[in-house]
Amino acid sequence: MQKIRIRYAKRGRLAFTSHRDFARALERAMRRAAVPIAYSSGFSPHPKISYASAAPTGVASEAEYFEVGLQAPVDPEWLRGSLDAALPPGLDILEAVEARTSDFADRLSGSHWVLRLPGVPDSTAEAAVAAFLAADEVPVERTTKSGRRTMDARSPVVRLAVTQRVPAVGEPGGEVGNTTPAPAAGGVDGPCAILDLVVRHVTPSVRPDDVLAGLRVVAELAPPVPPKVTRLAQGTLTGPGEIIDPLVADRDRAVSGTPST
């Protein structure tokens with residue numbers, strides 16, 4: 001069975017697509033594109049699709065991933081183009097690579113986010129960020145399936161800073177795998193602070209809204225309108241908050257001719 005790993009984006013209004021909504025849309029797109037998808041055995045077969053660390057509903061992303069198993073081998077680029085054409089604009093299939101390694105989930109150890117805070121001056125955001133980073137622990141509460149629980153929003157944060165623009169691909173702090181420019185910070189009147197955030201993946205996960213809750217705890221930072229959040233990349237977290245493209249190992253093995261695992 002051939003396995004292909006795919007990176008896709010949620011953009012614009014489609015950022016409000018939930019993970020379940022996307023899964024349904026993807027299965028319909030698979031059927032429209034006549035993709036020879038593999039199914040599990042048993043009384044109620046399911047398509048062999050596995051998702052990795054989906055972004056929360058309402059959050060845009062340039063770096064969502066899933067893996068699909070196929071009954072017959074196909075060209076990854078054909079699969080990318082076929083699925084992209086079958087999905088609505090805003091759910092964009094960016095890249096498809098044949099899986100040649102077995103530790104993909106382990107390579108998703110961190111995420112890079114950009115948070116736009118309309119109505120918040122840079123000076124206010126900088127003071128809040130400084131207070132957040134100076135704290136040893138920032139407890140915040142979140143409602144989970146098992147009820148209300150408290151977690152530390154500070155320890156998983158590797159980098160948090162007020163920035164004037166999003167780092168470009170290849171720049172220090174930029175990403176390897178993100179080839180799509182992030183949207184501009186415009187579109188609102190008045191100030192708009194931009195936060196650059198890198199978070200280590202932990203259990204339970206600490207998300208951008210948890211960090212924003214932490215900023216409210218330590219500095220009473222409360223944006224007057226809902227922030228706009230975008231995940232720019234996720235992958236292997238190294239050194240001072242850099243994210244390594246999680247598909248690079250599969251590409252390298254494809255070039256060297258290493259058989260799929």
Looking only at non-hydrogen atoms, find the nearest pair between Pro76 and Ala96 and report the distance.
O-CB, 3.3 Å
For Arg13, is the CZ atom crowded, meaning more than 12 foreign heavy atoms sit under 6.0 Å from it?
no
Same apolar cluster (I L V M F W Y, side chains within < 4.5 Å links), Ile243/Val157
no
Atom CG of Leu197 and atom CZ of Arg207: how far apart are they, to the nearest 0.5 Å?
13.0 Å
I'd like to know if the side chain of Lys3 reaches the main chain of Glu67, judged simply by a donor and an acceptor atom lying under 3.5 Å from each other, with no hydrogens or angles considered.
no
Are Asp245 and Thr236 packed together at the side-chain level, in the sense that at least one heavy-atom pair is separated by less than 4.5 angstrom?
no
What about Leu108 and Trp113, same hydrophobic cluster or not, with Ile/Leu/Val/Met/Phe/Trp/Tyr joined at side-chain heavy-atom distances under 4.5 Å?
no
Looking at Thr230 and Val114, would you say the former's side chain and the latter's main chain have a donor-acceptor pair under 3.5 Å?
no
Separation between CG (Leu87) and CZ (Arg32), nearest 0.5 Å, reads 7.0 Å
Heavy-atom distance under 4.5 Å between the side chains of Glu242 and His112, does that happen here?
no
Any side-chain to backbone donor/acceptor pair from Gln2 onto Val74? Under 3.5 Å, distance only.
yes
State, yes or no, whether a side-chain contact exists between Leu212 and Pro227 at a heavy-atom distance under 4.5 Å.
yes
Using a 6.0 Å cut-off, check whether atom CZ of Arg216 has over 12 heavy atoms from anything other than its own residue.
no
Please examine the side chains of Val158 and Val199, heavy atoms only from C-beta on, and report whether any two atoms are closer than 4.5 Å.
no
Give a yes or no on whether Phe132 and Val202 share a hydrophobic cluster (residues Ile, Leu, Val, Met, Phe, Trp, Tyr; joining criterion: side-chain heavy atoms under 4.5 Å apart).
yes
Tell me whether Arg7 contacts the main-chain N or O of Glu62 through its side chain, where contact means a donor paired with an acceptor under 3.5 Å.
yes
Please round to the nearest 0.5 Å and tell me the distance separating atom OG of Ser50 and atom OH of Tyr65.
14.0 Å
Point-to-point distance, once rounded to the nearest 0.5 Å, from CG of Asp84 to CG of Leu94
7.5 Å
Got Ser155 and Glu137 here, is their nearest side-chain heavy-atom distance under 4.5 Å?
no
Side-chain contact, heavy-atom cut-off 4.5 Å: Ile49 with Ile37?
yes
Say whether Leu160 and Val217 are linked into one hydrophobic cluster, either directly or through other cluster members, by side-chain heavy-atom distances under 4.5 angstrom.
yes
So which atom in Phe104 and which in Ala52 form the shortest heavy-atom distance, rounded to 0.1 Å?
CE2-CB, 4.5 Å
Shortest non-hydrogen contact from Ser44 toward Ser40:
O-OG, 4.3 Å
To the closest 0.5 Å, what do you measure between CG (Leu115) and NZ (Lys228)?
13.0 Å
The residue among Arg5, Arg231, Arg11 that forms salt bridge (charged side-chain N to carboxylate O under 4.0 Å, His left out) with Glu64 is Arg231
All ring pair (Phe, Tyr, Trp, His ring centres under 6.0 Å) counterparts of His19, not counting sequence neighbours:
Tyr51
Less than 3.5 Å apart, any donor N or O on the side chain of Ser205 or Arg200 sitting next to an acceptor on the other?
no
Exactly one of Leu221, Val140, Val120, Val138 should register a side-chain contact (heavy atoms from CB on, under 4.5 Å) with Leu215. Which one does?
Leu221
Indicate whether the side chain of Glu126 and that of Ser123 have a donor and an acceptor atom separated by less than 3.5 Å.
no
Met30 versus Phe66, closest heavy-atom pair with distance:
CE-CE1, 4.2 Å
Could you verify whether a donor N or O on one side chain and an acceptor N or O on the other, from Arg107 and Thr101, lie under 3.5 Å apart?
yes
Across all chains, not counting sequence neighbours, the side chain to side chain donor-acceptor pair (under 3.5 Å) partners of Thr57 are none
For Asp122 and Ile194 the tightest heavy-atom approach is OD1-N, 4.5 Å
Take a 6.0 Å sphere around CZ of Arg148 and say whether it holds more than 12 heavy atoms from other residues, nucleotides or ligands.
yes
Would you give the length of the straight line joining atom CZ of Arg100 to atom CZ of Arg251, rounded to the nearest 0.5 angstrom?
13.0 Å
Side-chain (Arg80) to main-chain (Leu83) donor-acceptor, under 3.5 angstrom
no
Is any side-chain N of the basic residue among Arg24 and Glu27 closer than 4.0 Å to the acidic one's carboxylate O?
no
Flag yes if more than 12 heavy atoms outside Asp136 fall under 6.0 Å of its CG atom; otherwise flag no.
no
Determine whether Ile6 and Val97 fall in the same hydrophobic cluster, where Ile, Leu, Val, Met, Phe, Trp and Tyr are linked whenever their side-chain heavy atoms lie under 4.5 Å apart.
no
Using the rule given for side chain to side chain contact (heavy atoms under 4.5 Å, CB included), can you reason through Val162 versus Leu195, listing the C-alpha separation, both sets of side-chain angles and the distance that settles it, and then say yes or no?
CA-CA 5 Å; Val162 179; Leu195 302 186; 3.6 Å; yes
Phe22 ring center within less than 6.0 Å of Tyr8 ring center
yes
Looking at every non-hydrogen atom in both residues, tell me the closest pair between Gly241 and Val198 and how far apart they are.
O-CG2, 3.6 Å
